[in-house]
S.K.: 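Have a look at the structure that comes next, please.
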Amino acid sequence: MAQKPSIPKGTRDFNAEEVAKRSYIMETIKRQFQLYGFQPIETPSFENSETLMGKYGDEGDRLIFKILNSGEYLRKVSDEDLIAKNEANIALKISEKALRYDLTVPFARYVVQHQNEIEFPFKRYQIQPVWRADRPQKGRFREFYQCDADVVGSKSLFQEVEFIQLYDAVFTSLKLEGVTIKINNRKILSGIAEVIDAHDKLIDFTVALDKLDKIGEEKVKDEMRSKGISEDGISKLQPLFSLQGDFGDQVGSLKSILNASEVGLKGIEELEFINTAISNLGLKTAKLQLDVTLARGLNYYTGAIFEVSAPEDVKMGSIGGGGRYDDLTSIFGKPDTSGVGISFGLDRIYLVLEELGLFPETITEATKVLFLSFGSEEAMASLEAVSKLRESGVKAEIYPDAITSGKQMKKQMTYANRRHIPFVVLVGEEELKSGMFALKNMETGAQEKLGLQELLSTLQ
RNA sequence: GUGGUUGUAGCUCAGUUGGUUAGAGCGUCGGUUUGUGGUACCGAAAGUCGCCGGUUCGAGCCCGGUCUUCCACCCCA
């Protein structure tokens, strides 16, 4: 056998069953997006590099797939850069386009570019693939789908409340119960950084804090020290490491840390508003949980931060994330337009549903009846019946090649069997003469001769 | 980007301290069965041992590189 072809690492082929399951998730999400009033848009797979670069932090820039320019791309590169192997400079010159890394930044670009055609507040959803030059692992791919819903042009905290309900609605209708929607607020993190006099080290500080449940209190403190946060500051954080109780208790402890920080208290106020609203409205199956260590997407989130975890017994990274961003459109030239949105990780949700066996049985709808072919006269008679069946909505097909021996009949039976086609119709010489159809139930093996009308009504 | 791991027939995997002709199950194909699939029995085909190089009289096995898989970091959906 020749060398087998392959696909790039971190990418996948999908068979018919996988496509059906993926589309089930997508349609479920889409239905809820529409019920909440979001309109679909799509944006190109690749953007100008300047649109994407610098929006996700240094780590993000590294993970953006860059597209090589066409033509004589090396002509723009200076000899000095080439000789010095100055990769950063060379990359800028030979690549001016890049594959989209998420859906939020292209959406911000879209809003600014089309601001005169848009009615604000603008609610859009978008379900498209994104690409990251990451090293693949379980639930981590280099090409994967995000399903985003965002609102721009409203500062109202009721948006956050509705997004939490939307998460709950989607996971409830997927029968995925027990997901945890974690919430935090960038203003609280800023406030804490301010209080411990590490305002300029916000990112370092939050990245360290984010690892609390993973590496433990002492190692988090070690990391903070190594990033230059003072011992005095770290001791002020002590209440943070022992946060306990329900939403209210935790907020109480936070207040004691943050009472000197205006921005911190504002963050607490926002959290309390959202929590009160959700408590009053109730959630169907999800849980809302305050998690001060949550620090995702900090490069553009300014208020609420969301992250969704799968039920505890499933080992999977986050299956959704989101937050509020006040400045994203101002980067592209439209200030004072607050946005907030959430994202669903389709591929990870797939893995979770698969692991928990939550896909409905009925989503792969196969052919219902296969007509075996004995010859062209028989095939013509079969095709008439097939056409009638199709007209009445029955998935029917005819085996393309004629049977010339018992061996081939076996082959066609086997084919029907393998494809889980529940009925087979035989039209041979005998049936042709009598105008009947031999209908065989592939599960029971029972066979009966029927006229066309009977055949139609039996299969419908 | 860092560290580790994996790759043998279409699929899932054995393969001893380096030693004749690399095995099994499932699947495929043929037969028992010329208009009846799933079950059974008999038989057959199918492998540049991921790729490139090295050590050796001799490499699936040892060494180096590379690609791939999975895992832990980093980061993230």
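Throughout, a chain's letter reflects where its sequence line sits, starting with A, and its residues are numbered from 1.
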S.K.: Could you check how far CZ of A:R12 sits from C1' of B:U68, rounded to whole Å?
M.R.: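 Atom-to-atom, A:R12 to B:U68, this comes out as 16 Å.
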S.K.: Find the distance A:E448:CD to B:U36:C1' and express it as a whole number of Å.
M.R.: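 Between C1' of B:U36 and CD of A:E448: 16 Å.
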S.K.: Quick check on A:K219: does its NZ atom have over 12 non-hydrogen neighbours (other residues, nucleotides or ligands) under 6.0 Å away?
M.R.: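 For A:K219, atom NZ is not crowded (no more than 12 foreign heavy atoms under 6.0 Å).
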S.K.: Kindly point out which of B:A77, B:C74, B:U2 is positioned nearest to the side chain of A:F141?
M.R.: B:A77
S.K.: Any N or O donor-acceptor pair linking the side chain of A:R135 to the base of B:U69 at under 3.5 Å?
M.R.: no
S.K.: Quantified in whole Å, what is the P atom distance between nucleotide B:G64 and nucleotide B:G27?
M.R.: 41 Å
S.K.: Let's see if you get this right: which residues in residues 420-439 of chain A place a heavy atom under 4.0 Å from RNA chain B?
M.R.: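 Per residue number, the list reads A:L426, A:G428, A:E429, A:E430, A:E431.
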S.K.: Test your reading of the model: is there a side-chain donor-acceptor pair from A:N184 to the backbone of A:L294, 3.5 Å cut-off?
M.R.: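 Present.
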S.K.: Going from CE on A:M409 to CG on A:L426, what distance comes out if it is rounded to the nearest 0.5 angstrom?
M.R.: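 Going from the CE atom of A:M409 to the CG atom of A:L426 covers 4.5 Å.
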S.K.: What does A:G322 touch in the nucleic acid at a heavy-atom separation under 4.0 angstrom: a base, only the sugar-phosphate, or nothing?
M.R.: nothing
S.K.: Both distances under 3.5 Å, Watson-Crick or G-U wobble: report the partner of B:G64, or none.
M.R.: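 Matched B:G64 with B:C52 under the 3.5 Å cut-off.
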S.K.: Taking the C1' atom of each, how far is B:A14 from B:C29, in whole Å?
M.R.: 25 Å
S.K.: What is the distance from atom CD of A:Q113 to atom OG1 of A:T43, rounded to the nearest 0.5 Å?
M.R.: 10.5 Å
S.K.: Using both distances under 3.5 Å as the test, list the Watson-Crick or G-U wobble partner of B:U32, or none.
M.R.: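 When the pairing criteria are applied, B:A40 turns out to be the nucleotide that pairs with B:U32.
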S.K.: P atom, B:C71 versus B:U17: distance in rounded Å?
M.R.: 30 Å
S.K.: Between atom OH of A:Y167 and atom CD1 of A:I319, what is the distance when rounded to the nearest 0.5 Å?
M.R.: 8.5 Å
S.K.: Round to a whole Å and report the spacing from CD of A:E59 to C1' of B:C76.
M.R.: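 Distance check: A:E59 CD to B:C76 C1' gives 9 Å.
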S.K.: With both distances under 3.5 angstrom, what nucleotide forms a Watson-Crick or G-U wobble pair with B:U2?
M.R.: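 Paired with B:U2, as far as the under-3.5 Å criterion goes, is B:A72.
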S.K.: Within the 4.0 Å heavy-atom criterion, would you say A:G445 contacts the bases, only the backbone, or no part of the nucleic acid?
M.R.: base
S.K.: Would you measure the distance from the C1' atom in B:A59 across to the matching atom in B:C51 and give it in whole Å?
M.R.: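 Per the computed distance, 16 Å lies between those C1' atoms.
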S.K.: Rounded to whole Å, please give me the gap between CE in A:M442 and P in B:U39.
M.R.: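 Rounding to the nearest Å, CE of A:M442 and P of B:U39 are 12 Å apart.
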S.K.: So how far is it from A:Y125 OH to A:I41 CD1, rounded to the nearest 0.5 Å?
M.R.: 11.0 Å
S.K.: Between B:A24 and B:G15, how many Å separate the two C1' atoms, rounded to a whole number?
M.R.: 11 Å
S.K.: Report the C-alpha distance between A:R142 and A:D134 in whole Å, list the side-chain angles of each, state the deciding distance to 0.1 Å, and finish with yes or no for salt bridge (charged side-chain N to carboxylate O under 4.0 Å, His left out).
M.R.: CA-CA 6 Å; A:R142 300 215 289 186; A:D134 208 348; over 6 Å; no
S.K.: Any strand is fair game: report the nucleotide pairing with B:A22 by Watson-Crick or G-U wobble, both distances under 3.5 Å, or none.
M.R.: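 B:A22 is unpaired by these criteria.
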S.K.: In this structure, how many angstroms lie between the C1' atom of B:G38 and the CD atom of A:Q412, rounded?
M.R.: 17 Å
S.K.: Contact class for A:Q137 (heavy atom, under 4.0 Å): base, sugar-phosphate, or nothing?
M.R.: base
S.K.: In whole angstroms, how far is the P atom of B:A72 from the CD1 atom of A:I215?
M.R.: 16 Å
S.K.: Describe the nucleic acid contact of A:S343 in one word from base, sugar-phosphate, nothing, applying a heavy-atom distance below 4.0 Å.
M.R.: nothing
S.K.: Given atom NZ of A:K449 and atom C1' of B:G35, what is their separation to the nearest angstrom?
M.R.: 10 Å
S.K.: Could you tell me how far B:G31 sits from B:U16 if I compare only their C1' atoms? Round to whole Å.
M.R.: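 So the two C1' atoms sit 39 Å from each other.
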S.K.: Tell me which of A:R62 and A:M409 sits closer to the 5' end of RNA chain B, going by the nucleotide each one is nearest to.
M.R.: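 Whichever sits nearer the 5' end wins; that is A:R62.
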S.K.: What's the gap between B:A72 and B:A45 when it is taken at their P atoms, as a whole Å value?
M.R.: 45 Å
S.K.: Applying a 4.0 Å non-hydrogen cut-off, can you work out what A:Q447 is touching in the nucleic acid: base, sugar-phosphate, or nothing?
M.R.: base
S.K.: RNA chain B: A:N417 or A:K410, which has the more 5' nearest nucleotide?
M.R.: A:K410
S.K.: Categorize A:V207 for me: base, sugar-phosphate, or nothing, with a 4.0 angstrom heavy-atom threshold over every strand shown.
M.R.: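 It contacts sugar-phosphate atoms only.
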S.K.: Could you check how far CG of A:L63 sits from P of B:A77, rounded to whole Å?
M.R.: 11 Å
S.K.: Just checking A:G57: base, sugar-phosphate only, or nothing, at a heavy-atom cut-off of under 4.0 Å?
M.R.: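 The residue A:G57 makes no contact with any strand.
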S.K.: Does B:A45 have a Watson-Crick or wobble mate here (both distances under 3.5 Å), and if so which one?
M.R.: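 Base-paired to nothing in any strand shown.
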S.K.: Hey, is CG on A:D58 packed in by over 12 heavy atoms from elsewhere, all under 6.0 Å?
M.R.: no
S.K.: Using the six-membered ring for Trp and the full ring for Phe, Tyr or His, decide whether A:F144 stacks on the six-membered base ring of B:A77 (centres under 5.5 Å, planes under 30°).
M.R.: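 Yes, A:F144 stacks on the base of B:A77.
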S.K.: Please confirm whether the shortest side-chain N or O distance from A:K211 to OP1 or OP2 of B:C75 is below 4.0 Å.
M.R.: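 For B:C75, OP1 or OP2 has a side-chain N or O of A:K211 closer than 4.0 Å.
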S.K.: Hey, is the side chain of A:R140 pairing donor to acceptor with the base of B:C71 inside 3.5 Å?
M.R.: no
S.K.: Just to confirm, is there a sub-4.0 Å distance from OP1 or OP2 of B:U68 to any side-chain nitrogen or oxygen of A:K9?
M.R.: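 Yes, such a contact exists.
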S.K.: Step by step, would you call A:F332 with A:Y300 a ring-ring contact (aromatic ring centres under 6.0 Å, His included)?
M.R.: CA-CA 13 Å; A:F332 297 114; A:Y300 48 74; over 10 Å; no
S.K.: Please work out if A:K411 contacts a base, only the sugar-phosphate, or nothing of the nucleic acid, heavy-atom cut-off 4.0 Å.
M.R.: nothing
S.K.: Measure the spacing between CD of A:Q412 and CG of A:L372 and express it to the nearest 0.5 Å.
M.R.: 5.0 Å
S.K.: If the P atom of B:G30 is compared with that of B:U12, how far apart are they to the nearest Å?
M.R.: 25 Å
